Chemist: 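Right, I'll just put the structure down here and ask away after.
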Amino acid sequence: MDRGAVIQKTERFIESEFRLEGSGHDWFHVDRVRKMALRIGEEEKCDLFIVELAALLHDLDDWKLNNPEHQVGSKAEKWLCSMEIEVDTISRVLGIIGEVSFKGAGVETPVKTIEAAIVQDADRLDAIGAIGIARTFAYGGNKNRLIYDPAIDPVMHNDFEEYKNNMAPTINHFYEKLLLLKDRMNTNSAKIIAEQRHNFMTEYLTQFYDEWDAKR
Ligand code: NI
């Protein structure tokens, strides 16, 4: 199967899988991650086919969107095996999917290949800035969380279990994840984009607290 056909088929599959996703992990998120990954990928020495395929499949097995018994990579593996593609491609893409997700403030998530680094950066960029803010509140609402409660302080999660079981208000998520992402980018081009998006979020928070306290 040629590469263009693999991408096109996968794109259609993911679009139908994620159409009714209301927690900020919808098809348009996947599509933005794919576009950003390709943009970053242009600046790096990498395999753009692997980057694009992994970006399209990166959320299919995410712990946030599946039940707790779900095995990481199993849906993506099933999909990849349904197409005529090389075993090596399948294992490279599955390797990336296993590496990209954020698992808590104090939890390191190192990547082994440049392709994984790129997809991770693209996914993390979509979690910050104006879109990141929108997605964060969509996710919080989807989980019935409060927008903000001044009495509940943010916490630094030391392991994945702790992070996963967190029920804190959405504003806390800025401190527990979003504001940490700028320093966790792998590639130079992502670092530059992250800086600007980060500054936008800090301005947003300043305005948020001022409005909260009836100061403006
Ligand atoms: Ni994602």
Side-chain angles (χ1 to χ4, degrees), residues 7 10-41 48 50-68 70-77 79-80 92-105 107-143 157 160 163-164 166 170 173-174 176-182 184-187 189-190 193-194 197-198 201:
I7 295 294
T10 304
E11 189 182 296
R12 264 184 257 126
F13 167 61
I14 294 296
E15 200 177 348
S16 69
E17 284 283 306
F18 286 81
R19 182 158 295 143
L20 296 172
E21 214 290 316
S23 77
H25 296 82
D26 52 83
W27 157 247
F28 293 107
H29 159 67
V30 178
D31 195 37
R32 286 191 304 269
V33 170
R34 177 253 293 264
K35 285 179 186 144
M36 183 57 83
L38 289 173
R39 176 179 159 186
I40 298 168
L48 286 177
I50 297 288
V51 165
E52 187 167 13
L53 194 51
L56 283 171
L57 292 167
H58 86 276
D59 268 343
L60 192 59
D61 289 290
D62 195 279
W63 60 269
K64 293 187 284 307
L65 315 172
N66 287 289
N67 63 39
H70 184 78
Q71 227 196 326
V72 176
S74 54
K75 281 188 195 168
E77 184 172 15
W79 172 253
L80 289 165
R92 285 172 74 191
V93 170
L94 291 178
I96 296 171
I97 293 168
E99 287 173 31
V100 292
S101 108
F102 185 91
K103 296 185 174 72
V107 187
E108 293 278 333
T109 43
V111 285
K112 293 189 203 78
T113 62
I114 182 67
E115 287 81 9
I118 291 166
V119 176
Q120 188 178 65
D121 280 358
D123 193 31
R124 288 180 174 181
L125 282 172
D126 208 56
I128 61 176
I131 286 178
I133 294 170
R135 291 183 63 222
T136 303
F137 286 108
Y139 187 75
N142 188 270
K143 298 279 171 202
H157 307 287
F160 184 40
Y163 176 66
K164 215 165 39 172
N166 174 33
T170 299
H173 196 61
F174 283 78
E176 293 161 359
K177 177 181 174 184
L178 310 191
L179 296 170
L180 307 173
L181 290 178
K182 141 179 110 60
R184 297 208 184 170
M185 295 293 160
N186 304 295
T187 62
S189 36
I193 301 166
R197 293 189 183 193
H198 180 90
M201 289 194 298

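When reading the values below, keep in mind they use all heavy atoms of this one structure, side chains included, and skip hydrogens, waters and symmetry mates. Being a predicted model, the structure only gives us computed values, none of them experimental. Atoms within a ligand are numbered from 1 in the order they appear, just like the ligands themselves.
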Chemist: Closer than 2.8 Å to the Ni ion (ligand 1), which protein N, O or S atoms?
Modeler: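 Those protein N, O or S atoms (cut-off: under 2.8 Å from the Ni ion (ligand 1)) are His29 NE2, His58 NE2, Asp59 OD2, Asp123 OD1.
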Chemist: What residues form a side-chain hydrogen bond (donor to acceptor under 3.5 Å, both in side chains) with Glu11, not counting sequence neighbours?
Modeler: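 Only Arg34 meet the side-chain hydrogen bond (donor to acceptor under 3.5 Å, both in side chains) criterion with Glu11.
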Chemist: Under the side-chain hydrogen bond (donor to acceptor under 3.5 Å, both in side chains) test, which residues partner Asp26, sequence neighbours left out?
Modeler: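 Checked Asp26 against side-chain hydrogen bond (donor to acceptor under 3.5 Å, both in side chains); zero matches.
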Chemist: Run the side chain to side chain contact (heavy atoms under 4.5 Å, CB included) check on Arg92 and Thr113 step by step: do they pass?
Modeler: CA-CA 9 Å; Arg92 285 172 74 191; Thr113 62; over 6 Å; no
Chemist: Lys143: which residues meet the side-chain contact (heavy atoms from CB on, under 4.5 Å) condition with it, sequence neighbours left out?
Modeler: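 By the side-chain contact (heavy atoms from CB on, under 4.5 Å) rule, Lys143 matches Tyr139, Arg145.
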Chemist: Let me confirm one number: the CG-CD1 distance from Asn186 to Ile118, rounded to the nearest 0.5 Å.
Modeler: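 If I round to the nearest 0.5 Å, the distance is 9.0 Å.
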Chemist: So which atom in His198 and which in Leu179 form the shortest heavy-atom distance, rounded to 0.1 Å?
Modeler: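 Minimum heavy-atom separation between His198 and Leu179: CE1-O, 3.3 Å.
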